[in-house]
Amino acid sequence: MTTTETSDMLRRVLDHSSRADPYPLYAELRRTPVARQEDGSYVISTYREITDVLHNPHLSSDTRNLSHPTAGAEEQTTPAFINLDPPEHDRLRRMAMRHFGPPHTPGLVTGMEPSLTATVNGLIDDFAGKEQIDVVDDFAYPFPVTVICHLLGVPREDEPRFHLWVNDIINSIDYDPRTDPKEKLDNGVQARKDLRQYLGGLLEQRHGRPGDDLLSRLANDDGPDGRMTDEEIVSTANLLLIAGHETTVNLITNGMLTLLRHPQVLQRLRDEPGLVIPLVEELLRYEPPVHIIPWRAAYSDIAVADTVIAKGSQIMLMLASGNRDPDRFHDPDRFDPDRRDNQHLGFGSGIHLCFGGPLARRETQIALTELVRRLTRPRLVADPPPYRRSPILRGPIHLHIEQGDG
């Protein structure tokens with residue numbers, strides 16, 4: 001396709017009218033694996049090329065290495081480690097991981113399983129007597145929010161405050177000055193400031209007061225790399241609070257939607273609970289919670305496939321398109337929990353592989369297992385359901401289902 005044609009195709013992908021089913025558009029994009037856009041950026045849509053870029057040390061995750069920084073790029077703040085490159089990325093990720101997983105806290109996720117199961121079943125208990133429920137509002141949102149608040153040490157009762165900030169931040173990620181009102185960007189910038197100020201206030205209360213939550217541990221524990229600065233702790237907490245629930249909400253909701261569309265798989269999961277492990281991996285390929293990495297920056301001129309990408313160019317990685325690439329996955333548009341060699345891009349790849357992936361996996365495994373076990377004859381009210389605005393973090397904004405014999 002020509003540059004104009006690929007730019008038009010990308011606009012269609014990003015348009016909200018395509019949110020319910022962007023996959024045919026991804027198939028069109030894959031005809032040109034590395035496509036230059038009219039603004040000089042590049043879109044990469046095939047599995048091999050995406051993985052090559054994610055493992056390429058000449059690609060940067062730091063917006064400061066873009067020739068033309070993206071609108072709303074944060075200034076005068078410490079970026080979260082997801083937006084940094086080695087060695088700073090590696091140092092901060094190691095420091096956070098000391099308190100979040102192996103090798104220093106290897107039992108974190110498994111140790112949480114009783115409380116995860118109890119939280120899930122408590123939410124499902126509240127479905128009693130309801131003929132119709134919203135999987136998002138009644139279940140998929142409150143579950144991971146409760147979990148990440150507990151882990152970080154954020155008061156659960158403050159959720160209404162940071163929920164509004166997170167929504168504005170997510171809405172501003174895909175801000176396009178050519179089509180979006182400036183208010184969308186301004187709201188996102190202000191929400192980032194408000195959320196950082198809020199987390200900074202919580203951090204101040206933790207200094208000198210060691211506790212079990214992550215904010216307390218980061219504020220008071222010195223490891224091999226020393227201690228994070230307050231600004232680094234706030235940036236890390238900001239990242240984990242947002243990513244720790246937004247992606248899991250989508251993963252659980254997409255999972256329930258997919259099962260309701262495949263009743264034979266739903267029944268099989270009910271009969272074979274162990275199926276949930278490969279099923280969630282297939283879900284991460286088939287309907288991932290993150291569809292797009294909106295940018296990487298080239299440190300220098302690099303060759304991807306047969307295209308030379310100039311230094312400083314913005315690169316957009318279409319993860320969900322790579323997950324449906326027929327050159328990598330057999331019959332990619334079929335949901336198959338028995339799929340072998342399922343090295344999907346649902347949590348990315350390379351040094352930025354999702355930090356919270358093990359927790360999100362276990363949350364989703366428990367959530368889907370218990371929903372399928374306890375709901376009676378669940379069925380969709382509307383298909384497709386209404387979707388969120390974001391093409392990057394893609395999932396239904398509501399998923400209404402009926403249960404029982406009504």
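No experiment lies behind these values; they were computed from the predicted model shown.
Closest heavy-atom contact between P142 and V136: CD-O, 3.6 Å. Contact detail for V234 and L203: the closest heavy-atom pair is CG2-CD2, 4.0 Å. The minimum heavy-atom distance between P289 and T247, with the atom names listed, is CB-O, 3.2 Å. Shortest non-hydrogen contact noted between L353 and F347 is CD1-O, 3.5 Å. Taking every heavy atom of both residues into account, S7 and E38 meet most closely at OG-N, 3.0 Å. In plain terms, the two heavy atoms of D85 and L59 that are nearest each other are OD1-O, 4.5 Å.
Atom CG of D306 is surrounded by 12 or fewer heavy atoms from other residues, nucleotides or ligands within 6.0 Å. When the shell of 6.0 Å around CZ of R362 is examined, it contains more than 12 heavy atoms from other residues, nucleotides or ligands. Heavy atoms from other residues, nucleotides or ligands lying under 6.0 Å from NE2 of H400 number more than 12. A 6.0 Å sphere centred on CD of Q264 holds more than 12 heavy atoms belonging to other residues, nucleotides or ligands. Remark: R374 CZ is packed, more than 12 non-hydrogen atoms of other residues, nucleotides or ligands lying under 6.0 Å away. The environment of R11 atom CZ is dense: over 12 non-hydrogen atoms of other residues, nucleotides or ligands sit within 6.0 angstrom. Within a 6.0 Å sphere centred on CD of E183, other residues, nucleotides and ligands contribute 12 heavy atoms or fewer. No more than 12 heavy atoms of other residues, nucleotides or ligands lie within 6.0 Å of CG in D212, so this atom counts as exposed by the packing criterion.
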Audit row: D168, Q190, side-chain hydrogen bond (donor to acceptor under 3.5 Å, both in side chains) steps and yes/no: CA-CA 9 Å; D168 283 341; Q190 185 60 49; over 6 Å; no

Is there a side-chain hydrogen bond (donor to acceptor under 3.5 Å, both in side chains) between T307 and R36 once you walk through the steps? CA-CA 9 Å; T307 302; R36 188 179 188 277; over 6 Å; no

When you look at D15 and S17, which way does the side-chain hydrogen bond (donor to acceptor under 3.5 Å, both in side chains) test go after all the steps? CA-CA 5 Å; D15 190 271; S17 63; 2.5 Å; yes

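Two residues are said to be in side-chain contact when any heavy atoms from C-beta on lie closer than 4.5 Å; L260 and R379 fail this criterion. Side-chain atoms of L240 and L151, non-hydrogen and from C-beta on, never get closer than 4.5 Å to each other.
Salt bridge status for R389 with D180: absent, with no side-chain N to carboxylate O gap under 4.0 Å.
Relative to the six-membered ring of F335, R261 misses at least one condition, a distance below 6.0 Å or an angle of at most 45° to the axis. Figure legend: R328 and Y47 shown as a cation-pi pair, the cationic atom lying under 6.0 angstrom from the six-membered ring centre and within 45 degrees of its axis.
For the salt bridge (charged side-chain N to carboxylate O under 4.0 Å, His left out) test with E232, the passing option among R196, R91, R227, R93 is R91; the others fail. For the side chain to side chain contact (heavy atoms under 4.5 Å, CB included) with L283, the qualifying choice from L259, I252, L251 is L251, the only one to do so. Checking L29, T32, L14 one by one against M9, the side chain to side chain contact (heavy atoms under 4.5 Å, CB included) holds for a single residue, L29.
Note: Y141 and H398 fail the aromatic proximity criterion, with ring centroids not under 6.0 Å apart.
Side chain of R285 to backbone of L345: no donor-acceptor contact under 3.5 angstrom is found.
Note on ring orientation: taking the six-membered ring where Trp is involved, the planes of H262 and Y286 are perpendicular (angle over 60°, cut-offs 30° and 60°).
Side-chain contact of H89 with S61: a donor-acceptor pair under 3.5 Å is absent, judged by distance alone. At a cut-off of 3.5 Å, with distance as the only test, no side-chain donor of S60 or D62 sits close to an acceptor on the other residue. Under 3.5 Å, the side chains of D213 and S216 contain a donor-acceptor pair of N or O atoms.
Residue pairs that meet the salt bridge (Lys or Arg N to Asp or Glu O under 4.0 Å) test with at least one member in residues 238-254, sequence neighbours left out, are E246-R388.
Remark: F143 pairs with no residue by the ring pair (Phe, Tyr, Trp, His ring centres under 6.0 Å) rule, at least two apart or across chains.
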